[in-house]
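First the structure, in the form of structure tokens, and then the observations on it.
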Amino acid sequence: MPPDQPGTLRRRMTRLSSYFLPTEREPPADAEAISHKLMVRAGLIRQVGSGLWTWLPAGWRVHQRIVEIVREEMNAIGAHEMLMPVLQPAEPWRRTGRYAIEELFKLKDRRSADMVLAMTHEEIITGHVAASVRSYRDLPLILYHFQVKERDEPRPRAGVLRTREFVMKDSYSFDRDREGLDRSYAKHVQAYDRMFDRCGLRWYRVEADVGMMGGFGAHEYMAPCAAGENEVALAPGYAANLEVASADPQPVSLPSRLDAPEEVHTPGMTTIDTVASAVGLPAGALLKAYPVILDGDDMRLVCVRGDHKVSEIKLGLALGGGFRPARPEEVEARLGPPGFIGPVGAEMPILLDQAVDGGAGYVTGANRPDLHLRGVEPGRDFPYERVDVRTVVAGDTVGGAAITIEAAIEVGNIFKLGTRFSEPLGATYLDESGREQLIWMGSYGFGPARAAAAAVEQYNDEHGIAWPRAIAPFDVEVVALGREGSDERELGDRLYRELKDLGLAVLYDDRDAGPGEKFADAELLGCPARVTVGRRALAAGEIEVQIRRGRATRTVPIEGATEAVAELWQELP
RNA sequence: CGGGGCGUGGCGAAGCCUGGUAUCGCACCCGCUUUGGGAGCGGGAGGUCGCCGGUUCGAAUCCGGCCGCCCCGACCA
């Protein structure tokens, strides 16, 4: 799909009477997310199947405006646009080990060769670079494309927020070493910050999990909104995905020390809450024991404060590998009855979360039925290794400031891959001394569809969407009241032409519909400014301009109205 | 993958329990009226009730199987 060049979008005739903008009065019955409801109602998107969406003309204009912003910022950091196929041979995916990914669509061609539908393009781009880059003189490089991604998602949801097919801008950086990668990464940070600013989104750049791909660092760009699938932990100067966030815990009042642990009878009390109220202490004065089995079949006992939860992501990072929770029979065999386990006497390495105070007495399971221990001191009563594995909670502090937790949707991510792909695919170069070296890579994604949906999530009211100026389907919607041939229509026609000539993208509602319907449709679609030409104002020598966000209206003299509207538009958010 | 729900003209719903000629609102078409907040009156078109099978004189309705879609969780390279 060739992009619209600046200008061509704007010269096109866009009269609503002959445009395909099917609005709906009611949202689809199965829609939950605001962006899902509004984008369907406003005639921007339509569903084809689970996680499969068509972009209708007005919706595609939004998409393409975002694409153009992204393209400009990528070009500004010296990246080169290209295009790679979605349908690919399976072979390079086998080489990188990604053929096993369940989300990867797999198929066979007519000669029964294994093929895949790409979910990203590391394999192919790295193959090209491996084949053509020979020397350190060829580096660094940043290459990118806008291409469809296919992912067999277990659960598509919320309109275009999580789909099985979507366009992504993916770029890939190639450098000779780690420092070079850091520089390419920094360029992307700069470009991405600008992209999201220009799209008019509220966003955060947060520290992210590097996931199963390993890697040397990653950030996610998160747009806060109710329909978001992620949570971000925020404090002044701090932003992280909740999955990996770290913070100082809130204090908990602990009982005075004991010389040695004492048994407490706790019949049938297998939960933190029941034990806490039985001993008359806050949940944070208890230790929660979480037994896990490592990939090598070894067992570890992870302990966090009773009022905290283990973050499986952080635990995975701390363990440096895969793990699973121990099954009840494994707990029974190696520790004690589930519900009454604890670190004292446990014959396995113990990982103690750093929120647990070292020199104080905690209540823990006794590894015997119906018994807990009080006054248990880490170090004195059991050996441990310090880890940071808990999920932070709102009210914890970073640098003394309390964090808040907000739902957000991931709209972009940037990732230091290192040599994860260059190694299996043989992407190397010769350095100055003629030695073969692996290329250091980064990969960077941006989802225009998600950015569009996030904008709808962030900017809407009971009447519909209120687009940021930069990505609205049209800059101005002209609503002419009255019928064909009336003075209102005549002036509407004129304003439409003049606004277009000034370079604005204008949608002109020239339908033979009532005023209520026109206003309702205009506010649903959400162009940043609406120009109304009606008899009332016409008689006074004025037209009316409504700013969509906030819905404030003002009148403008007909004389010089076009310039006034264009000036006003420049100042919109 | 676990749990829950839904499938009836373009959209939203009722009817299903208790089997008997498919209903309502909006949208659509024609005519007249109406034009600053989703208009009024009159006339009209449009549905294999997701699919297949079974029970029955008769199935949107009861039974079985399948398909599709949504939500929560798990997952999300």
Side-chain angles (χ1 to χ4, degrees), chain A residues 22-33 36-37 40-41 43 46-53 93 96-104 116 118-123 149 151-159 161-164 166 168 170 208-215 218 220 227 229-230 241 243 312-313 316 324-325 409-410 413 415 417-418 420-421 424 443 445 447 450 462-464 479-489 492 509 511-524 530-540 542-544 546 551 553 555:
Chain A
T23 57
E24 292 290 342
R25 204 163 190 159
E26 310 231 26
D30 54 21
E32 298 279 329
H36 182 184
K37 292 179 182 174
V40 171
R41 284 190 56 211
R46 284 293 186 270
Q47 185 166 22
V48 173
S50 181
L52 301 171
W53 291 83
W93 291 79
T96 60
R98 295 212 299 173
Y99 192 68
I101 295 174
E102 281 190 74
E103 281 74 25
L104 183 66
V116 306
M119 50 197 305
T120 59
H121 284 73
E122 279 88 354
E123 278 77 3
K149 301 290 175 276
R151 296 184 185 179
D152 197 356
E153 290 285 349
R155 189 155 95 80
R157 61 176 290 275
L161 239 28
R162 184 166 207 88
T163 57
R164 295 196 289 176
F166 58 96
M168 180 190 258
D170 39 327
D209 174 29
V210 294
M212 308 278 275
M213 293 227 298
E220 290 162 340
E229 314 183 286
N230 296 96
N241 191 317
E243 290 174 340
E312 306 231 332
I313 303 258
R324 61 172 173 83
I409 183 75
E410 181 185 348
N413 65 78
F415 200 103
L417 286 171
R420 162 75 179 82
F421 289 89
S443 77
R450 275 197 180 177
E462 67 269 38
H463 302 281
V479 173
L481 303 178
R483 323 172 194 195
E484 180 91 53
S486 64
D487 290 348
E488 298 95 298
R489 286 291 190 87
D509 192 346
R511 295 174 301 172
D512 253 330
E517 190 177 349
K518 291 186 176 184
F519 293 147
D521 274 351
E523 285 171 23
L524 180 58
R530 185 187 83 199
V531 171
T532 309
V533 186
R535 203 168 42 196
R536 209 166 64 193
L538 199 59
E542 294 172 329
I543 55 159
E544 188 181 283
Q546 186 208 49
R551 297 178 75 234
T553 44
T555 54

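Note that this is a predicted model, so its numbers are computed, not measured. Letters go in sequence order (proteins before strands), and every chain restarts at 1.
- In this structure, the side-chain hydrogen bond (donor to acceptor under 3.5 Å, both in side chains) partners of Asp521(A), at least two apart in sequence or on a different chain, are Thr23(A), Arg511(A).
- Along RNA chain B, the nucleotide nearest Thr532(A) and the nucleotide nearest Gly97(A) are compared for position; the residue whose nucleotide lies closer to the 5' end is Thr532(A).
- Looking at the side chain of Glu523(A), the nearest of the listed nucleotides C11(B), G37(B), G36(B) is G37(B).
- Residues satisfying the side-chain contact (heavy atoms from CB on, under 4.5 Å) test with Glu312(A), not counting sequence neighbours, are Tyr290(A), Phe323(A).
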N/O donor to acceptor pairs below 3.5 angstrom from side-chain atoms of residues 479-488 of chain A, sequence neighbours left out:
from      : atom 1 : to        : atom 2 : distance (Å)
Ser486(A) : OG     : Arg483(A) : O      : 2.7
Ser486(A) : OG     : Arg489(A) : N      : 3.4

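- When the side-chain contact (heavy atoms from CB on, under 4.5 Å) test is applied to Asn241(A), the partners found at least two apart in sequence or on another chain are Val206(A), Glu220(A), Met222(A), Asn230(A), Glu243(A), Val244(A).
- The side-chain hydrogen bond (donor to acceptor under 3.5 Å, both in side chains) search around Thr96(A) returns Glu123(A), not counting sequence neighbours.
- For Glu24(A) against G12(B), no side-chain N or O and base N or O form a donor-acceptor pair under 3.5 Å.
- To the nearest angstrom, P of G37(B) lies 9 Å from CG of Leu481(A).
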Shorter than 3.5 Å, N or O on both sides, protein versus nucleotides 40-45 of chain B: list them out with atom names.
none

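- Using Watson-Crick or G-U wobble geometry with both donor-acceptor distances under 3.5 Å, G19(B) finds no partner in any strand shown.
- In this structure Glu523(A) satisfies the side-chain hydrogen bond (donor to acceptor under 3.5 Å, both in side chains) test together with Arg530(A), Gln546(A), Arg551(A), sequence neighbours excluded.
- The ring pair (Phe, Tyr, Trp, His ring centres under 6.0 Å) test applied to Trp93(A) returns no partner, not counting sequence neighbours.
- Using a 4.5 Å heavy-atom threshold, the side chains of Glu153(A) and Arg151(A) count as touching.
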Below 3.5 Å between N/O atoms, which protein atoms pair up with nucleotides 6-9 of chain B? Just atom names and distances, please.
none

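- Qualifying side-chain contact (heavy atoms from CB on, under 4.5 Å) partners for Ile101(A), counting only residues two or more places apart in sequence or in other chains: Arg98(A), Glu103(A), Leu104(A), Met119(A).
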Polar pairs (N or O, both sides) under 3.5 Å between protein and nucleotides 66-75 of chain B?
from   : atom 1 : to        : atom 2 : distance (Å)
C69(B) : OP1    : Ser50(A)  : N      : 2.8
C69(B) : O3'    : Gln47(A)  : NE2    : 3.4
C69(B) : O2'    : Asp30(A)  : OD2    : 3.2
C70(B) : OP1    : Gln47(A)  : NE2    : 2.9
C70(B) : OP2    : Ser50(A)  : OG     : 2.8
C70(B) : O2'    : Asp30(A)  : O      : 3.1
C71(B) : OP1    : Ala158(A) : N      : 3.2
C72(B) : OP2    : Arg155(A) : NH1    : 3.1
C72(B) : OP2    : Arg155(A) : NH2    : 2.6

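- Applying the side-chain hydrogen bond (donor to acceptor under 3.5 Å, both in side chains) rule to Glu229(A) yields the partners Arg157(A), Arg162(A); only residues at least two apart in sequence or on another chain are considered.
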